[in-house]
Amino acid sequence: MTILAVLVPVLLGCALTRVVWPNGWRVCRHDFFRASLGVGLGLGLGSCIFFLSLALGWPGAALPVEALLVAALAALYARARAPIPCGFCATAPHDPKWNRLPSAAAGLAAASALAIFVLFSVMAPLGESDAWSIWNLRAKFLALGGKNWLHAFSPVIAWSHPDYPLLIPASVAQAWKAAGGASWMAPVLVAGLLTFAAAGLVYSSVEMLRGRLPASLALIALLGASSFARNGAAQYADVPLSFFLLATAVLLSLEERSSSAAVLAGLSAGLAAWTKNEGMLFAAGAILAQMLLLRRGASAIRRFLSGFAPVAAVLLLFKLRYAGPNDLAASMRWARLADFDRYWTVGYQVISHILTFGGYVVSPVLVLGAYAWLLGVQREERMRPRNRALLFLLFWMLAGDFLVYVLAPSALDWQLETSLGRVLLQLWPLAVLTLFCYVSAPQQMVKATQKPVSKASPRPAKRAPTARLRTMG
Amino acid sequence: MPAFSLRAKLGMALLASLALMSSFKLLLDAWEQRARMAAEPGIGPSAYIHRFDEIRSALPQRGVTGYITDQVRDPNRAIAEYHLTQYALAPLLVANSWNEKLVVGNFHSALGPAAIKTKGLEFVRDYGAFVQLLRNPKR
């Protein structure tokens, strides 16, 4: 029952992406993109529906509603008269022949990450401290509290941050409610799906934007930060948030090819805010990026907001009616803006953490910096609005997090030590996407090779193309 | 297969080898850690919360219960244990105070209960693993 309760929202998301980007009844490599995106969007939508069902007093209604939505989307898809071909296939960048070695290396990286995730989940099926004192604790109240589910936000457990949004707790709670108990499986499944959906989304989006070879390398770079899979297994909300930050950025990048992408980008930005409070900062940045860098018109912004609004409404209901006060916001002091020691402390720690990020054997800044230097950045990529928007989003979040730390409570060292690594992890998939969008693709650096033509044997004349066409069905 | 330039080959090889090395390093560390844990069963949060399986059935499903511990040497550990106890007993609320009618005693030795006698709590039942149910007669 747990698996079914997780599968239904996943199917909802996958059905949604299939309806938005149809491909008849065919399967193509872009279904990996649809599936990766669909997993996260589906779990997010499912959590919103579950929370609403609790708020409306119909706790058992969420799964049937989601199943009905899946059926409705499937029926809508089946009714489409003309089998519409995959739009991504038509606009895919030119790829050289399949490169086995990088693909094999990417497969190894994925297998290693999966093994890390499984091992840490086996060692700590409850996750780490924030999992059982915040996210899954909340899920227990939502799932098993019955009419007293509101105790999830009781001042008795104010230390559990009852203001934190509910994407993770509601997703886990929905599965626990269906199963009738709080087993280890639901949180591990939800964490695993979002972790590997983020990895899948990095691969598939780089493949669409730059080609297969950069996609393999991007996946290797992402999973080389072993803390990514490890933190996923910890069942915190940072890796899930990284999925939605990445998804929003990818969807904004695709808007030139598909107007529906803007609606899903808004939805994803809303789900980022529904995952962690930092998501609200990101959503604001996404709107600014569209206005200032992508120079999208009012209609595009409206489409974005049309996707953002429903989730924002759910979040607003939660914040106004149920959530407790935010302890970080309550303890911020504007006077700290003038304390330059704090800037120094935060800046030093941010740089130290970036230099040693992710458990790389050599600093990832050196590794990725060397890669970027060797392959270079073409001028057209530097000037491309999409790439500038990605960079803007990264720096927007870094600046926002920096400011929060400067304004944060007096135990600054403790705050930095316990959270800065995870805050940077939230931006990691987006950072990898940005890098691989900027840096030249390896297939753009192919040596020109020409066989010398012998004077004794002139080249045979090409066969007339028309003769070939007549024999084709 | 296209002939990549030397720079491209170097860049790809550097990235792939260092990234994979990082990943395998953690994998090996995790494997060793798992082997160590297998040799020492009964530690970790999931084993810890099972200490409260029996007392959970004696407590109301919902409402608020109190909590007391003899863990005074390590405040961080004390907080972690309290949070785990709350997780184990949810959806029952566990207040970090003995000012409730029923109080869950989370002790670490047989000497623990003696330490709480000054609080005026009455013993109700022992559930093994130094977990006890206590009553506050003043509530």
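Convention: sequence-line order gives letters A, B, ...; per-chain numbering from 1.
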Pairwise side-chain contact, B:Pro45 with A:Trp132, heavy-atom cut-off 4.5 Å (strictly under): yes
B:Leu20 and A:Ser112: CA distance, side-chain angles, deciding distance, side chain to side chain contact (heavy atoms under 4.5 Å, CB included) verdict: CA-CA 8 Å; B:Leu20 283 172; A:Ser112 176; 5.9 Å; no
Which one of [options] has the most heavy-atom pairs closer than 4.5 Å to chain B?
options: A:Ser133, A:Pro442, A:Ala105; value: A:Pro442
options: A:Asn148, A:Leu374, A:Leu137; value: A:Leu374
options: A:Gly145, A:Gly127, A:Ala152, A:Ala372; value: A:Gly145

Measure distances from [X] to the heavy atoms of chain B and classify the residue's part below 4.5 Å as side chain, backbone, both or neither.
X: A:Leu217; answer: both
X: A:Ala124; answer: neither
X: A:Leu142; answer: neither
X: A:Ser129; answer: neither
X: A:Phe120; answer: side chain

Residue pair A:Tyr371, B:Leu14: steps toward the side chain to side chain contact (heavy atoms under 4.5 Å, CB included) verdict: CA-CA 7 Å; A:Tyr371 177 79; B:Leu14 194 72; 6.0 Å; no
What heavy-atom pair brings [X] and [Y] nearest, and what distance separates the two atoms?
X: A:Val156; Y: B:Tyr82; answer: O-OH, 4.1 Å
X: A:Gly359; Y: B:Ser22; answer: O-CB, 3.6 Å
X: A:Ala113; Y: B:Ser23; answer: N-OG, 4.3 Å
X: B:Leu92; Y: A:Phe141; answer: O-CZ, 4.1 Å
X: A:Ile220; Y: B:Ala16; answer: CG2-CA, 3.8 Å
X: B:Ala30; Y: A:Met123; answer: O-CE, 3.8 Å

Return yes when atom CH2 of A:Trp149 has more than 12 non-hydrogen atoms of other residues, nucleotides or ligands closer than 6.0 Å, and no otherwise. yes
Might you confirm whether atom CH2 of A:Trp159 has over 12 heavy atoms from other residues, nucleotides or ligands at distances under 6.0 Å? yes
Choice from B:Leu18, B:Leu10, B:Leu93, B:Asn96 maximising heavy atom contacts with chain A below 4.5 Å: B:Leu93
Side chain to side chain contact (heavy atoms under 4.5 Å, CB included) between B:Phe4 and A:Leu213: does it pass, once the steps are laid out? CA-CA 12 Å; B:Phe4 296 111; A:Leu213 181 48; 3.3 Å; yes
Could you state the interatomic distance from [atom1] ([X]) to [atom2] ([Y]), rounded to the nearest 0.5 Å?
X: B:Lys9; Y: A:Leu101; atom1: NZ; atom2: CG; value: 11.5 Å
X: A:Ile116; Y: B:Phe24; atom1: CD1; atom2: CZ; value: 9.0 Å
X: B:Leu28; Y: A:Leu119; atom1: CG; atom2: CG; value: 10.0 Å

So which part of B:Gln33 gets closer than 4.5 Å to some heavy atom of chain A, the side chain, the backbone, both or neither? both
With a 4.5 angstrom heavy-atom cut-off, which part of B:Ile49 approaches chain A: side chain, backbone, both or neither? side chain
